[in-house]
Amino acid sequence: MPTDIQRILDLREELNRHNKAYYVDNAPTISDKDFDMLLKELERLEALHPEMDDPLSPTRRVGSDLTKGFEQVTHVRPMLSLGNTYSIAEVDEWVERCNESLGNSGGLDSVPLVGEMKFDGTSISLTYENGRLVRAVTRGDGDKGDDVTVNVKTIRSIPLVLAPGDWPEQFEIRGEIVLPWKEFDRLNEQRAFNEEPLFANPRNAAAGTLKTLNPAIVASRGLDAYFYYLLADELPADNHFDNMQKARSWGFKVSTSMALLHTGAEVDAFINYWDKERRTLPVATDGLVFKVNSLRQQLNLGFTSKSPRWAIAYKFPAERALTRLRFVSFEVGRMGVVTPVANLEPVLLSGTMVKRASLHNEDIVRNLDIHDGDMLYVEKGGEIIPKITGVDTSAREPGAEPIRFVTTCPDCGTALIRIPGEAAWQCPNKYGCRPQIIGRLEHYVGRHMMDIDGVGDENCSLLYDAGLVHTPADFYTLTADRIEGLDRVGPRTAQRIIEGVEASKLVPFDRVVYALSIPFVGETVSKKLARSVGDIDALMSLSREQLVAIDDIGPKIADAIVDFFAYTPNRELVERLRAAGVTMALSEEETTMRSDRLAGKTIVISGVFARHSREEYKDMIEKNGGKNSGSISKKTSFVLAGDNMGPSKLEKARNLGVPVINEDEFLDMLG
């Protein structure tokens, strides 16, 4: 497979993971800038390879924050995201592109713009009819979102009924739900007092609060909202700025920082001013937004599949601070990988106190040339993850020794081994090293694995140190009276744990496979394995060659699975879990739905469907033995086409003689 093609597939998978972490889990694992760099790389590669066109590519969609517990509502008008820039020069280039598209020749000074703050919260769309709030919907996946009206009604800055005025009979207004700094600090003080986990930043707190199923809790959190766009069939003005001033007069909170900008010099000055002054604002921001003011010009500029061409976001440079290194600790993860962590003199960055930052691996420590007691530059990329970016060598103490990577496990003392082809060092004592054992326990009880309520990181350590849980099977031997006396485990918590353990027996087979902590077997691979083999006995009996024959299972994963089940204690673990009642096979319903009708067939899905979603069709293909593919080639068996199939794909299918069928024909094929 060509390098570019493989890179496209890898980037799509990685970006989808980051989208989920950001929008679903509210636990981002990458900075905004790093995400955008990956996205731009994918956009460039897809432009070079039109045969890889896929409507579900991360370049063609908006990240989702859909959650269970709320009714999903389709947006009347899609809620798209904005393209990001990170320099004044890139903003100027965007203005020039707008001018060229509109046929203007006046450089940066032809298109009147509106500059406004980019608030760091969670997006919301409010619909009003006859002056009354009727619906509040999150961004979701851009096409549909969660109806959170009952929670939004508790936010005091949002008007529920408008005073008499000249507002349209029906309109939509979009904005950002935010948590002010003072409320953020108050909440974290309360959580610290109650020994609850602290919120990482105001954005996470706002997003989590809005998705809380108890409106009373939402009301107590002190959320706020700023509004930035008005939509209706009949708007009061023909330009964005005047429409937002009207919205302010109707009772909506519109930022006073919003400004009309007529020249490139004014745009640059706006950026430079707010880069400093944003720190005085009562809420968190992560950039600025520039919009073409004229609605007619907005209409002419139009949209890409992902974002409007008439608006762009400018992201502020990451905040940077200089602080002293106290010491470097070496921490062992679930798979035995040893990670160096810089422990710092506390420093305030983007509203939170930073005390630790990962140094990732030995190569990074060596390249940064970190010595004992060094003054380190710390950035919070995208105002999320602390990152060491440099060393102030001029402040280094004479005689300071360079940081040296440990050669033995800091916990069990076993000699470390270097992972071939990687920069990582690993403790090979998998089943005798405390942090690895506890890490596997924490993984087993996690939300996407067995989802055992009441057992978090602290309780896993507590249960292990008390001698009650050494392997996941030990969870099923617990009783309330055995754990009730442990530190911070009262009768109520003990009962929650027991109930959570009992409920985990109903978790589907694919999640059980994921929960076992087989190296390199993540959530997606676990689903593939479960659907391919059907039960745990079949999985344990497969040879390396048989595993590699399963789609998307390479030699590295196959070797890891064979080695895992070759270790007797792992087979004993499976038997103990089976005896406890944990699901060890696909359900009868899942088995009934499986067939080999599409065995050996490679299928490409394209277009928009009426009877099932694209994901449901992909699921059907896999359950019936087929393989999904994102691009048409000579190996493609047929294309499942809905409405609006891409013309380039249709032409390529015809040129290669690949059959194209509709969804009715496909469903008939499956019987």
| Note, Met117 side chain near Leu281 side chain (heavy atom, < 4.5 Å) | yes
| remark: Rounded to the nearest 0.5 angstrom, the CD1-OG distance for Ile605 and Ser629 is 10.5 Å
| message | Among residues at least two apart in sequence or on other chains, which ones pass salt bridge (charged side-chain N to carboxylate O under 4.0 Å, His left out) with Lys527? | response | none
| query | Which residues satisfy the salt bridge (charged side-chain N to carboxylate O under 4.0 Å, His left out) test with Glu183, sequence neighbours excluded? | reply | Arg186
| task | For the residue pair Glu172 and Thr127, confirm or rule out a side-chain donor-acceptor distance under 3.5 Å. | result | no
| field | Residues in side-chain hydrogen bond (donor to acceptor under 3.5 Å, both in side chains) contact with Lys315, at least two apart in sequence or another chain | value | Asp32
| field | Tyr314-Asn84 side chain donor-acceptor pair, cut-off 3.5 Å | value | no
| query | How would you list, by chain and number, every residue that makes a salt bridge (charged side-chain N to carboxylate O under 4.0 Å, His left out) with Asp275, sequence neighbours excluded? | reply | Arg278
| query | With a cut-off of 6.0 Å (strictly less than), are more than 12 heavy atoms of other residues, nucleotides or ligands near CD of Glu234? | reply | no
| query | In terms of side-chain geometry, is the basic nitrogen of Lys618 or Glu616 positioned less than 4.0 Å from the acidic oxygen of its partner? | reply | no
| query | Near Lys40 NZ, under 6.0 Å, is it more than 12 heavy atoms from other residues, nucleotides or ligands? | reply | yes
| Side-chain ion pair, Glu46 and Arg12, N-O less than 4.0 Å | yes
| request: Output every pair passing salt bridge (Lys or Arg N to Asp or Glu O under 4.0 Å) with a member in residues 288-301, not counting sequence neighbours, ordered by first then second residue. | output: Glu116-Lys291
| message | Distance alone, cut at 3.5 Å: any donor-acceptor contact between the side chains of Asp147 and Thr149? | response | yes
| said: If I compare all heavy atoms of Arg248 with all of Val254, which pair ends up nearest, and what's the gap? | reply: NH2-O, 2.9 Å
| Gln170: side-chain hydrogen bond (donor to acceptor under 3.5 Å, both in side chains) partners, not counting sequence neighbours | Glu129
| field | ring pair (Phe, Tyr, Trp, His ring centres under 6.0 Å) contacts in which one or both residues fall within residues 122-148, not counting sequence neighbours | value | Tyr128-Phe171, Tyr128-Phe252
| task | Enter the distance from Asn130:CG to Trp167:CH2 here, rounded to the nearest 0.5 Å. | result | 6.5 Å
| request: State, with a plain yes or no, whether a side-chain heavy atom of Glu14 is found less than 4.5 Å away from one of Leu38. | output: yes
| task | Would you confirm whether the ring centroid of Trp310 sits within less than 6.0 angstrom of the ring centroid of Tyr229? | result | yes
| query | So with a 6.0 Å cut-off around CG of Asp664, is the heavy-atom count from everything else above 12? | reply | yes
| said: Holding to side-chain hydrogen bond (donor to acceptor under 3.5 Å, both in side chains), I want the full list of residues that pass it with Asp453, two or more places apart in sequence or in another chain. | reply: Arg496
| field | With Tyr226 via ring-ring contact (aromatic ring centres under 6.0 Å, His included) - residues at least two apart | value | Phe119
| query | Does the pair Lys246/Asp166 count as a salt bridge with the N-to-O cut at 4.0 Å? | reply | yes
| field | Qualifying residues under side-chain hydrogen bond (donor to acceptor under 3.5 Å, both in side chains), relative to Ser101, sequence neighbours excluded | value | none
| task | May I ask you to test the Leu82-Pro308 pair for a side-chain heavy-atom distance under 4.5 Å? | result | yes
| Under the salt bridge (charged side-chain N to carboxylate O under 4.0 Å, His left out) test, which residues partner Glu51, sequence neighbours left out? | none
| task | Kindly state each residue pair satisfying side-chain hydrogen bond (donor to acceptor under 3.5 Å, both in side chains) with at least one member in residues 154-165, sequence neighbours excluded. | result | Ser157-Asp224
